[in-house]
2 protein chains.
Amino acid sequence: MMFSKSCEYAIRAAVYIAGESSISNKVSIVQIAHAIDSPKHFTGKILQTLSRKKIISSLRGPHGGFYIDNDSSVFLIDIIRAIDGDELFTSCVLGLKKCSDIKTCPVHEQIQPIRNQLTIEFSKKSLNEMILDVKQNKYFLK
Amino acid sequence: MMFSKSCEYAIRAAVYIAGESSISNKVSIVQIAHAIDSPKHFTGKILQTLSRKKIISSLRGPHGGFYIDNDSSVFLIDIIRAIDGDELFTSCVLGLKKCSDIKTCPVHEQIQPIRNQLTIEFSKKSLNEMILDVKQNKYFLK
DNA sequence: AGGGTAAAGGATAATTTTGTCTTTTATTAT
DNA sequence: ATAATAAAAGACAAAATTATCCTTTACCCT
Ligand code: FES
Ligand code: FES
């Protein structure tokens with residue numbers, strides 16, 4: 001698995017929220033969990049984290065829920081870093097204490113360029129970009 | 001994490017075994033665990049799996065241990081598949097039930113080429129290739 | 001002000017992964 | 001044959017991840 005289950009839910013939820021919400025039209029956990037087919041309470045926990053890290057916003061009370069202010073400034077890598085940290089991009093794939101160019105494991109040279117490519121792609125990909133085709137049923141969240 | 005802890009140990013152990021053993025000079029779990037800095041018994045379990053899947057060989061009794069017949073025919077991807085399966089290469093990174101080109105998630109198009117690249121690199125990389133530089137302390141296993 | 005709504009937060013539980021320990025089995029050397 | 005050795009196998013334990021439930025807090029509407 002490239003991402004943890006939590007991170008998978010986080011990304012799918014964020015894309016849904018970005019696509020369906022605005023400051024004046026928030027979405028509830030129930031809606032989100034239904035839309036992305038995820039466990040309701042667990043999803044709540046994860047969104048709580050994203051909210052604390054200022055990636056999404058939330059408001060309690062009636063007509064409360066989750067929403068995103070400006071979805072074009074949130075990138076995929078922000079979500080990944082918020083949930084899984086950046087060990088996918090920086091720590092040794094073979095589990096050596098430290099991944100550096102000085103003391104490398106036998107797959108470092110192969111992995112490093114691919115990992116850089118991953119970082120670049122995830123850094124380029126904004127939520128805004130992703131929601132477009134989801135609305136036209138070109139991409140799916142469940 | 002790209003690989004499970006088990007898979008990390010498996011790869012490091014396999015490289016060590018390939019480099020240090022032959023049919024006439026097997027290595028014990030104790031030696032392996034020491035060389036790659038891994039929990040002894042847990043490593044034993046993992047090597048048992050590799051052994052059952054014919055990736056490495058083992059023999060009990062005095063002067064028994066683990067060894068590899070022809071290390072040039074074992075590729076990194078074989079070890080990964082034996083321990084983690086091939087979900088890293090084939091299942092949806094966002095956790096959709098199925099990853100296919102027909103019903104794709106919003107990151108499929110970015111991920112697919114990178115994942116193919118990963119598959120290619122791991123398929124090319126033989127144990128034999130990896131041990132060379134380990135012996136000259138260019139690469140490390142702990 | 002007060003009642004209803006929805007996220008936040010905390011406690012708890014199930015599951016999976018990781019790790020340890022002990023017994024059994026196979027092999028070798030004496 | 002017997003004793004010593006080393007992996008195989010199974011039982012058990014700890015930790016992390018995933019998931020559920022319940023209470024509290026904030027917010028809105030009447
Ligand atoms: S040292 Fe292993 S990936 Fe860099
Ligand atoms: S559908 Fe998600 S990676 Fe292919």
Side-chain angles (χ1 to χ4, degrees), chain A residues 1-14 16-17 20-21 23-34 36-68 83-85 87-88 94-95, chain B residues 1-14 16-17 20-21 23-34 36-68 83-85 87-88 94-95:
Chain A
M1 264 206 221
M2 187 157 294
F3 304 134
S4 68
K5 218 93 193 71
S6 294
C7 195
E8 293 176 356
Y9 293 146
I11 296 169
R12 277 152 58 198
Y16 176 75
I17 295 169
E20 297 298 318
S21 81
I23 182 103
S24 58
N25 183 29
K26 309 176 187 68
V27 292
S28 72
I29 294 185
V30 176
Q31 283 179 279
I32 297 166
H34 182 257
I36 70 172
D37 193 21
S38 69
K40 189 172 69 172
H41 294 100
F42 191 44
T43 306
K45 279 271 140 98
I46 296 162
L47 293 179
Q48 210 174 302
T49 306
L50 289 187
S51 179
R52 268 198 304 270
K53 304 222 171 172
K54 309 288 182 201
I55 289 168
I56 65 177
S57 307
S58 69
L59 211 64
R60 302 182 190 188
H63 302 112
F66 295 95
Y67 63 102
I68 294 191
I83 304 295
D84 281 352
E87 59 146 16
L88 175 63
L94 294 196
Chain B
M1 263 207 224
M2 189 158 294
F3 304 135
S4 68
K5 219 91 193 75
S6 293
C7 196
E8 292 177 359
Y9 294 147
I11 295 169
R12 278 151 60 197
Y16 176 76
I17 295 169
E20 298 297 319
S21 80
I23 183 100
S24 58
N25 182 30
K26 309 177 186 69
V27 290
S28 72
I29 294 183
V30 176
Q31 284 179 278
I32 297 166
H34 182 258
I36 69 171
D37 192 21
S38 69
K40 190 172 70 169
H41 294 100
F42 191 43
T43 306
K45 282 266 142 102
I46 295 161
L47 293 179
Q48 210 173 302
T49 306
L50 288 185
S51 178
R52 268 198 304 270
K53 302 222 174 175
K54 309 290 182 196
I55 289 168
I56 64 177
S57 306
S58 69
L59 211 65
R60 301 181 190 188
H63 303 109
F66 295 94
Y67 63 101
I68 293 191
I83 304 296
D84 282 352
E87 59 147 16
L88 175 63
L94 294 195

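In what follows, chains are A, B, ... by sequence order, proteins preceding strands, each numbered from 1.
Following rounding to the nearest Å, K26(A) (NZ) and dA26(D) (P) show an atom-to-atom distance of 17 Å. At whole-Å resolution of the value, CG in L59(B) and P in dA8(D) are 9 Å apart. In this structure, NE2 of H63(B) is placed 15 Å from C1' of dA7(D), rounded to the nearest angstrom. Between I46(A) atom CD1 and dA8(C) atom P the separation is 13 Å, expressed in whole Å. The interatomic distance linking K54(A) (NZ) with dA8(C) (P) rounds to 11 Å, in whole Å. Regarding Y67(B), its OH atom lies at a distance of 12 Å from the C1' atom of dA7(D), rounded to whole Å. The separation between E8(A) atom CD and dA19(D) atom C1' is 15 Å, rounded to whole Å. Between L50(B) atom CG and dA9(D) atom P there is a gap of 14 Å when expressed in whole angstrom units.
Between K5(B) and G95(A) the shortest heavy-atom distance is NZ-CA, 4.4 Å. Between D84(A) and S4(A), the closest heavy-atom pair is OD1-OG, 2.6 Å. The shortest heavy-atom contact between E87(B) and M1(A) is OE2-N, 2.9 Å.
Across all strands, L47(B) comes closer than 4.0 Å to no nucleic acid atom at all (heavy-atom distances). Using a 4.0 Å heavy-atom cutoff across all strands shown, G65(B) reaches sugar-phosphate atoms only and no base atom.
To the nearest 0.5 Å, atoms OG (S51(B)) and CZ (F66(B)) are separated by 6.5 Å. The CG atom of L50(B) sits 5.0 Å away from the CD1 atom of I56(B) when rounded to the nearest 0.5 Å. Rounding to the nearest 0.5 Å places NZ of K45(B) at 15.0 Å from OH of Y9(B).
The side chain of S28(A) contributes no N or O atom lying less than 4.0 Å from OP1 or OP2 of dT5(C). Regarding contacts with the backbone of dG9(C), a side-chain N or O of R52(A) is found under 4.0 angstrom from either OP1 or OP2. In this structure, Q48(B) does not reach the dA7(D) phosphate: none of its side-chain N or O atoms is under 4.0 Å from OP1 or OP2. For S58(B), no side-chain nitrogen or oxygen approaches OP1 or OP2 of dA6(D) to under 4.0 Å.
Looking at L88(A) and F3(A), their side chains come closer than 4.5 Å, going by heavy atoms from C-beta outward.
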When you compare the protein's N or O atoms with those of nucleotides 18-21 of chain C, which come within less than 3.5 Å of each other, and at what distance?
from: dT18(C); atom 1: OP1; to: K5(B); atom 2: N; distance (Å): 3.0
from: dG19(C); atom 1: OP1; to: Y9(B); atom 2: OH; distance (Å): 3.4
from: dG19(C); atom 1: OP2; to: Y9(B); atom 2: OH; distance (Å): 3.2

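Judged by closest nucleotide on DNA chain D, I29(B) is the one of R60(A) and I29(B) placed further toward the 5' end.
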